[in-house]
Chemist: 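Can you keep this structure in mind? I'll have questions shortly.
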Amino acid sequence: MLQVKLPDGTIVDHPDHATAYDVASAISPRLASAAIGAVVAGQVTDILRPLSEATDERPVPLQLLTEKDPASLAILRHSCAHIMARAVMRLWPGVELAFGPTTGHGYYYDIACSHTISEDDFPRIEAEMQRIVDMGEPFERFICDREEALKLVDGMSQSLKVEHINTGLATHPTVSFYRQGEFVDLCRGPHIPDAKRVKAFKLLSVAGAYWKGDASGKQLQRLYGTAWFSQKDLDSYLDQVNEAKRRDHRVLGKQLNLFAISQEVGQGLCLWLPKGATIRATLEDFIKRELIARGYQPVYSPHIGRVDMYETSGHFPYYRESQFAPIFGHDAGALVDYWVRRLEALITDGTAFSPEDEKKLADSAKLMGMELADFPSNGTPTARKEFLRTWEKQQERYLLKPMNCPHHVQIYKAQQRSYRDLPVRLAEFGTVYRHEQSGELNGMLRVRGLTQDDAHLFVTPDQVLEEFKSTLELVKFVLASVGLNDYRVQLSCRDSKNKSKYVGTDEGWENAQNSLRKVLTEMQMPFVEREGEAAFYGPKTDFMVRDCIGREWQLGTVQLDFNLPERFQLEYVGADNQTHRPVMIHRAPFGSMERFTGMLIEHFAGAFPLWLAPEQIRVMSISDKFEDYAKQVEARFRAAGFRVTTDLRGAKINAKVRDAQVELIPYMLIVGGRDVENGTVSIRDRIEGDLGAMPLEAALTKLQNEVAERTIRQVSEKKFQQFDEAGEAANEY
RNA sequence: GCUAGCGUAGCUCAACGGCAGAGUACCGGUUUUGUAAACCGGUGGUUGUGGGUUCAAAUCCCACCGCUAGCUCCA
């Protein structure tokens, strides 16, 4: 007899080989048919798996999962990934399978297939999947030892699975498989009991992916799909996807003339059109006022700086590949730079660099006017490198600035600093340039030239906690000011297993990470820790902000840095008359103006609140007889600081109203004969519609109040079903 | 950077080897209007760029530039 303990504490007896399905059937047939999976001793597992096999614990703690449990969705989707893979294998023989995990909203399967799958193939694949679902075959689990498993997958010509068993699963004594009809796949599971449980599914897209995420590895095709327990859930999900599409900042940015990216200017270089620039300027003015109130000092620094400075900070060597190439004063600059890198590769890992090739470089350099009489041609590679490095440092070498911090460090160093001066808080909307990979560029969200709402705080070690705390408060405040109150904080730490990616000492890192934990805990801000997400010079707290349709964006960041002060030998004189080293805090509440504005466009679906709207008010005349009055109204509002225009076209009022609605203007002031007589305006709210006539000054006061309070009225017009992250189930193999 | 798909009027799209078109925007005129589209007329194109195939190329082929999705990356 096997004793099973249900969630309410009841103990029930079952035969030794009983499964969760048997237990469910004994409770009620209806429960049995609703059961998708089971949690046995805390592990999600199949309902058809013998309970005694799944755990040694007695009585067996069992919880049944039905469609209502979020974990069930992950099981369903992973099973649907198998069904999709099976369908693809039926349609195109010779398919090799890689991984097929679930994602937040669905699943994918990576495959190697000689046929290039396109969206045109989706109906065929979906039809084949439907046939498999209709057959309703069970998913059967079985276990093999390593040898059997290798034989099995090799026999099915699944070379990627062979490789995975030999590498990723090298330490597993046994591995599990799932069989469904002719389809057998190496898989950790769990799975739904049978294919009939799939009630609604859809293929979403196909794209490239790399085997095991390695860009130098094999290119695979990744098929994305989603699956739900009802057609209604699927439709609701697709609605949400369409809503996100409707809000696309690239589309709205074009329609509303907010920004443009021109092929002629260059990839990833954003042109802020007057309306977009107005939004940005309003945000910047708001932040600047706030910073002054909080003791920050404005600074400005140039857009380029000497490469040496970025070698000192570490940015140049660390991010070499994603920076614009340096600007060299000497014609041979780029050549010598290449030469040095070849010598470095030769020194560090013996990468071949023939004397003939080096001679060619030397000859070319001479031709370009470089003096090489003293070059130690017969010296060691290190000696040759040092000669060239010395030459390089004597030349003009500038870098388009990829980061503001080294410049702000120089501003700190421009004066002698006393402990009485600290904290020194230097703020700048600093524009930086990064040569992001072309495939990464995306509207305003990922660009090559961006302006950070940057600041660097130079503090004494005693001030770290307090200053860090107040910067977090600032981030919270500015996010709240644009109505973003739903966010979580991520503490991004160093990867403890791969320390070579970071600069500084173990002690410094521990110290910094502990400080951040302490502040977040004291402020009662819930946070999740992520290893390997830190900047190379220090740990970060990143704000992951959720917008009104539930998507998450990484925006603001606050970072603690013990390393740059060390590298730049920063100092202040303490009360003890000794020199001490300050600590730096890097922070950007919005991140970059480009990314933040792009995100806001999508959050508000282009309909900005009054205080941010580029065109706040449009005055429209009923006919040209009232043109003068309309102009008077416009002048009154403009004098009061509003961004106001007039529509004096010979069109009907209906047309003028429609255009203003489409352009998402917050308020329309309609003026006709009655208004001229009574000194009123007829006010129309973009959201509420006609508000009737109001004395001019009353309308002015109403709108002034709305601006002063930065009222936000336009979000959450539509409530979307929240889709819980179903979690990464069953993706180990 | 990689894989796949896509580039036609300012914008949205049609034409898919045989005369490059529609809606909208824009310009001119008529209309003088009270809360989501009045009417008439007109301008606008070396079909992303360069090469090739063909009697003939927006259409087929090649290269480059750019965009999109995903991967990889993100100080």
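Below, read A as the first sequence line, B as the second, and so on, with proteins coming before strands; counting in each chain starts at 1. Note that the structure is a prediction, hence the values are computed from the model and not measured.
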Chemist: Under 4.0 Å between a side-chain nitrogen and a carboxylate oxygen: does that hold for A:Glu594 and A:Arg446?
Modeler: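 Answer for the salt bridge query: no.
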
Chemist: Cation over ring, A:Arg222 on A:Tyr108, under 6.0 Å and within 45°?
Modeler: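 Checked: cation-pi criterion met.
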
Chemist: Measure distances between side-chain N and O atoms of A:Glu436 and base N and O atoms of B:C74, and say whether any donor-acceptor pair falls under 3.5 Å.
Modeler: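 Answer is no: no donor-acceptor pair is held.
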
Chemist: Does a distance-only test, which skips hydrogens and angles, find a donor-acceptor pair under 3.5 Å between the side chain of A:Tyr210 and the base of B:G1?
Modeler: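 Such a pair exists between side chain and base.
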
Chemist: Choosing from B:A4, B:U12, B:G1, which nucleotide comes nearest the side chain of A:Lys254?
Modeler: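 Side chain of A:Lys254 sits closest to B:U12.
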
Chemist: In Watson-Crick or G-U wobble terms, both distances under 3.5 Å, what is the partner of B:U12?
Modeler: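 Partner of B:U12: B:A22.
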
Chemist: Between the side chains of A:Trp211 and A:Glu163, does any donor sit under 3.5 Å from an acceptor?
Modeler: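 Their side chains do contain a donor-acceptor pair, which is all the 3.5 Å distance test asks for.
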
Chemist: Would you call A:Asp659-A:Arg649 a salt bridge at under 4.0 Å N-O?
Modeler: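 Looking at A:Arg649 together with A:Asp659, the answer is yes, because their closest N to O distance falls below 4.0 Å.
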
Chemist: Could you give the distance separating B:G70 and B:G44 at their C1' atoms, to the nearest angstrom?
Modeler: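 That atom pair is separated by 38 Å.
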
Chemist: Just name whichever nucleotide pairs with B:U68, Watson-Crick or G-U, keeping both distances under 3.5 Å, else none.
Modeler: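 Per the H-bond distance test, B:A4.
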
Chemist: Between A:Arg488 and A:Glu552, is there a salt bridge with N-O shorter than 4.0 Å?
Modeler: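 Yes, charged N to carboxylate O under 4.0 Å.
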
Chemist: By a strict heavy-atom criterion of less than 4.0 Å, which residues belonging to residues 528-536 of chain A are in contact with RNA chain B?
Modeler: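 Heavy-atom contacts with RNA chain B come from A:Ala535.
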
Chemist: Who does B:A37 pair with, Watson-Crick or G-U, both distances under 3.5 Å?
Modeler: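 Paired with B:A37, as far as the under-3.5 Å criterion goes, is no nucleotide at all.
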
Chemist: For a 4.5 angstrom cut-off between non-hydrogen side-chain atoms, does A:Phe543 reach A:Thr557?
Modeler: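 Counting from C-beta outward, A:Phe543 and A:Thr557 never come under 4.5 Å.
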
Chemist: Can you find a donor-acceptor pair, distance only, under 3.5 Å between A:Ser205 side chain and B:G70 base?
Modeler: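 Absent.
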
Chemist: So for A:Arg434 and B:C73, does any side-chain atom that can act as donor or acceptor lie under 3.5 Å from a complementary atom in the base?
Modeler: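 Check fails, no donor-acceptor contact within cut-off.
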
Chemist: Between B:U8 and B:U46, how many Å separate the two P atoms, rounded to a whole number?
Modeler: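 These two P atoms come out 13 Å apart once rounded.
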
Chemist: Return the nucleotide paired to B:A58: Watson-Crick means purine N1 to pyrimidine N3 with N6-O4 or O6-N4, wobble means G-U with N1-O2 and O6-N3, both under 3.5 Å.
Modeler: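 None - no nucleotide pairs with B:A58, as no candidate has both distances under 3.5 Å.
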
Chemist: What's the CZ-P distance between A:Phe99 and B:G70, to the nearest Å?
Modeler: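 The distance from CZ of A:Phe99 to P of B:G70 comes to 21 Å, rounded to the nearest Å.
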
Chemist: How long is the straight-line distance from CZ of A:Phe316 back to CG of A:Asp308, given to the nearest 0.5 Å?
Modeler: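 It comes to 10.0 Å.
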
Chemist: For a quick check, with a 4.0 angstrom heavy-atom cut-off, what is the B/S/- contact string for nucleotides 37-48 of chain B, read 5' to 3'?
Modeler: BS----------

Chemist: Pairing check on B:G44: which nucleotide meets the Watson-Crick or G-U wobble criteria with it, both distances under 3.5 Å?
Modeler: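 Per the H-bond distance test, none.
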
Chemist: Quick check on A:Arg530: does its CZ atom have over 12 non-hydrogen neighbours (other residues, nucleotides or ligands) under 6.0 Å away?
Modeler: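 12 or below, so no.
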
Chemist: For B:A63, what is the paired nucleotide under Watson-Crick or G-U wobble rules, both distances under 3.5 Å?
Modeler: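 Result: B:U49.
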
Chemist: Please give, in whole Å, the distance from B:C11 P to A:Arg250 CZ?
Modeler: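 It is 16 Å, rounded to the nearest whole Å.
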
Chemist: In whole angstrom, give me the gap between the P atoms of B:C2 and B:A58.
Modeler: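 Pairwise P distance, B:C2 against B:A58, rounds to 30 Å.
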
Chemist: Whole-Å distance between B:U3 C1' and A:Tyr224 OH?
Modeler: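 The distance from OH of A:Tyr224 to C1' of B:U3 comes to 12 Å, rounded to the nearest Å.
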
Chemist: Is atom NZ of A:Lys212 surrounded by more than 12 heavy atoms (other residues, nucleotides or ligands) closer than 6.0 Å?
Modeler: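 More than 12 within 6.0 Å, yes.
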
Chemist: Take atom CG of A:Leu273 and atom P of B:G10, then tell me their distance rounded to the nearest Å.
Modeler: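 Taking CG of A:Leu273 and P of B:G10, I get 16 Å after rounding.
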
Chemist: Parallel under 30°, tilted from 30 to 60°, perpendicular over 60°: which one fits the rings of A:Phe324 and A:Tyr433?
Modeler: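 Answer is perpendicular, since the angle exceeds 60°.
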
Chemist: Considering only atom C1', compute the distance from B:U53 to B:G17 and round it to an integer number of Å.
Modeler: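 Their C1' atoms lie roughly 12 Å apart.
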
